[in-house]
Asker: 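Once you've had a glance at the structure underneath, I'll fire off some questions.
Predicted model, so just to flag it, every value in this text is computed and none were measured.
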Amino acid sequence: MRIYPPQLVREEEQVKITALVEYAGGTENLWYAVDRHYGDFLTIAKLDAFVVGLLPFAMQQNEDIYVNGALSEKLFYNLTHAFIKILTLLIPSLHPIKIIPEDLDDGKRHSTIGGVATGFSGGIDSFCTLIDHLNNSAVPQSYQLTHLVLNNVGSHGAGGRNLFQKRYQRLLAFAQEVQLPLIKIDSNLHDI
């Protein structure tokens, strides 16, 4: 599998980050989209989201991932030294693969906005993370939550985008109550 450098596509209401992906089954343009207001959070400097999103699929297909660009050094280390091994132990049908990036990014080359986000579906794991990391003086400032995220990457099943929108609206009221922005991230990852 090969992931090519991403591009930003600004549309009327949203901003998409998209990258061409080649794999044994063909080629696809994988994209993630956010409301235009959050477009500045997206970067084309690293391909982290594409590698993370495609990793289980690549492992299922037994295809190494060639990254035509940079990958976060920390992410690369954690995926290759722990996560891939854990996934193959938990899901024996997955194959251990290699991730081969052109470059590793130590995080010092690019400015960041400084937000801390966590996925938030409204389930028990989401609430545990929220309780542990929101307004907790024992948590370092760099781990204090500033945003919640709801992803549409396949977990909404047969309801697809309609169910995603309904869940977003339901969770939005809670996010406003705890005074954290809820960012919705749509994607075509589930199509691949």
Side-chain angles (χ1 to χ4, degrees), residues 1-9 11 14-34 38-39 41-107 109-110 117-121 123 125-126 129 149-165 167-168 183-192:
M1 176 177 297
R2 182 171 300 277
I3 306 171
Y4 289 91
Q7 297 177 351
L8 286 179
V9 178
E11 297 176 351
Q14 61 185 6
V15 178
K16 283 184 181 178
I17 185 167
T18 181
L20 180 66
V21 178
E22 290 179 345
Y23 58 101
T27 59
E28 298 282 343
N29 278 305
L30 174 57
W31 55 263
Y32 297 92
V34 296
Y38 296 107
F41 285 93
L42 302 178
T43 179
I44 59 171
K46 298 184 253 188
L47 286 93
D48 294 10
F50 297 95
V51 172
V52 169
L54 291 166
L55 182 64
F57 177 65
M59 292 176 70
Q60 180 185 40
Q61 301 300 311
N62 198 19
E63 290 189 43
D64 293 337
I65 300 176
Y66 294 86
V67 182
N68 284 22
L71 187 62
S72 295
E73 186 177 69
K74 234 184 206 184
L75 178 64
F76 176 75
Y77 179 82
N78 287 315
L79 291 178
T80 59
H81 286 84
F83 192 70
I84 289 173
K85 291 174 188 172
I86 291 169
L87 275 182
T88 56
L89 289 172
L90 292 174
I91 308 171
S93 62
L94 297 182
H95 304 275
I97 63 164
K98 293 178 183 167
I99 300 172
I100 303 108
E102 281 184 353
D103 190 22
L104 292 176
D105 185 334
D106 62 7
R109 290 183 250 172
H110 311 284
T118 186
F120 190 79
S121 65
D125 293 340
S126 297
T129 301
V149 174
L150 181 65
N151 295 298
N152 183 25
V153 291
S155 64
H156 303 288
R161 288 203 167 75
N162 288 335
L163 185 55
F164 171 62
Q165 291 297 338
R167 288 178 174 169
Y168 173 77
I183 302 170
K184 62 179 172 180
I185 301 177
D186 197 3
S187 179
N188 68 336
L189 181 64
H190 54 279
D191 294 335
I192 297 172

Asker: Just checking, is any N or O donor in the side chain of Gln14 or Tyr38 under 3.5 Å from an acceptor N or O on the other one?
Answerer: no

Asker: Side-chain donor-acceptor contacts of residues 79-88 below 3.5 Å, not counting sequence neighbours, with atom names and distances?
Answerer:
{"from": "Thr80", "atom 1": "OG1", "to": "Phe76", "atom 2": "O", "distance (Å)": "2.7"}
{"from": "His81", "atom 1": "ND1", "to": "Tyr77", "atom 2": "O", "distance (Å)": "3.2"}
{"from": "Thr88", "atom 1": "OG1", "to": "Ile84", "atom 2": "O", "distance (Å)": "3.3"}
{"from": "Thr88", "atom 1": "OG1", "to": "Lys85", "atom 2": "O", "distance (Å)": "2.8"}

Asker: If I compare all heavy atoms of Asn62 with all of Pro96, which pair ends up nearest, and what's the gap?
Answerer: OD1-O, 4.1 Å

Asker: Short question: side chain of Thr43, backbone of Ala45 - any donor-acceptor pair under 3.5 Å?
Answerer: yes

Asker: On a heavy-atom basis, which atom in Pro56 and which in Leu94 lie closest, and how many Å separate them?
Answerer: O-CD2, 3.8 Å

Asker: With rounding to the nearest 0.5 angstrom, report the NZ to CD1 distance, Lys98 to Ile100.
Answerer: 6.5 Å

Asker: Backbone N or O of Asn68 within a donor-acceptor pair of the Tyr4 side chain at under 3.5 Å?
Answerer: no

Asker: Evaluate the side chain to side chain contact (heavy atoms under 4.5 Å, CB included) criterion for residues Tyr66 and Glu22: first the C-alpha distance (whole Å), next the side-chain angles of each, then the deciding distance (0.1 Å), finally the verdict.
Answerer: CA-CA 10 Å; Tyr66 294 86; Glu22 290 179 345; over 6 Å; no

Asker: With rounding to the nearest 0.5 Å, note down the distance linking CG in Asp48 to CG in Leu75.
Answerer: 5.0 Å

Asker: Say you draw a straight line from CD of Gln61 to CD1 of Ile97; how long is it, rounded to the nearest 0.5 Å?
Answerer: 10.5 Å

Asker: Under 4.5 Å between any side-chain heavy atoms of Phe164 and Leu150, yes or no?
Answerer: yes

Asker: Please tell me if the side chains of Leu30 and Thr18 come closer than 4.5 Å, counting only heavy atoms from C-beta onward.
Answerer: no

Asker: Do Leu54 and Met1 have side-chain heavy atoms sitting under 4.5 Å apart?
Answerer: yes

Asker: Can you find a heavy atom in the side chain of Leu71 that is under 4.5 Å from one in the side chain of Asp105?
Answerer: no

Asker: Glu63 side chain to Ala24 main-chain N or O, any donor-acceptor pair under 3.5 Å?
Answerer: yes

Asker: CH2 of Trp31 to CD1 of Ile192: how many Å apart, nearest 0.5 Å?
Answerer: 10.5 Å

Asker: So, the side chain of Ser126 versus the backbone of Ser121: is there a donor-acceptor pair under 3.5 Å, distance only?
Answerer: yes

Asker: When you check the side-chain N and O atoms of Asn152 and Ser187, is any donor under 3.5 Å from an acceptor?
Answerer: no

Asker: When rounded to the nearest 0.5 angstrom, what is the spacing between CZ in Phe57 and CG in Leu189?
Answerer: 10.0 Å

Asker: Over all heavy atoms of both residues, which pair between Pro6 and Ala19 is shortest? Give the atoms and the distance, please.
Answerer: CA-CB, 4.0 Å

Asker: If you measure only the distance, is there a donor-acceptor pair under 3.5 Å linking the side chains of Lys16 and Gln7?
Answerer: no

Asker: Look up atom CG in Leu104 and atom CD1 in Ile99, then write down how far apart they are to the nearest 0.5 Å.
Answerer: 10.5 Å

Asker: Would you call Val15 and Leu8 a side-chain contact if the rule is heavy atoms closer than 4.5 Å?
Answerer: yes

Asker: Which heavy atom of Leu20 sits nearest to which heavy atom of Asn29, and what is that distance?
Answerer: CA-OD1, 3.6 Å

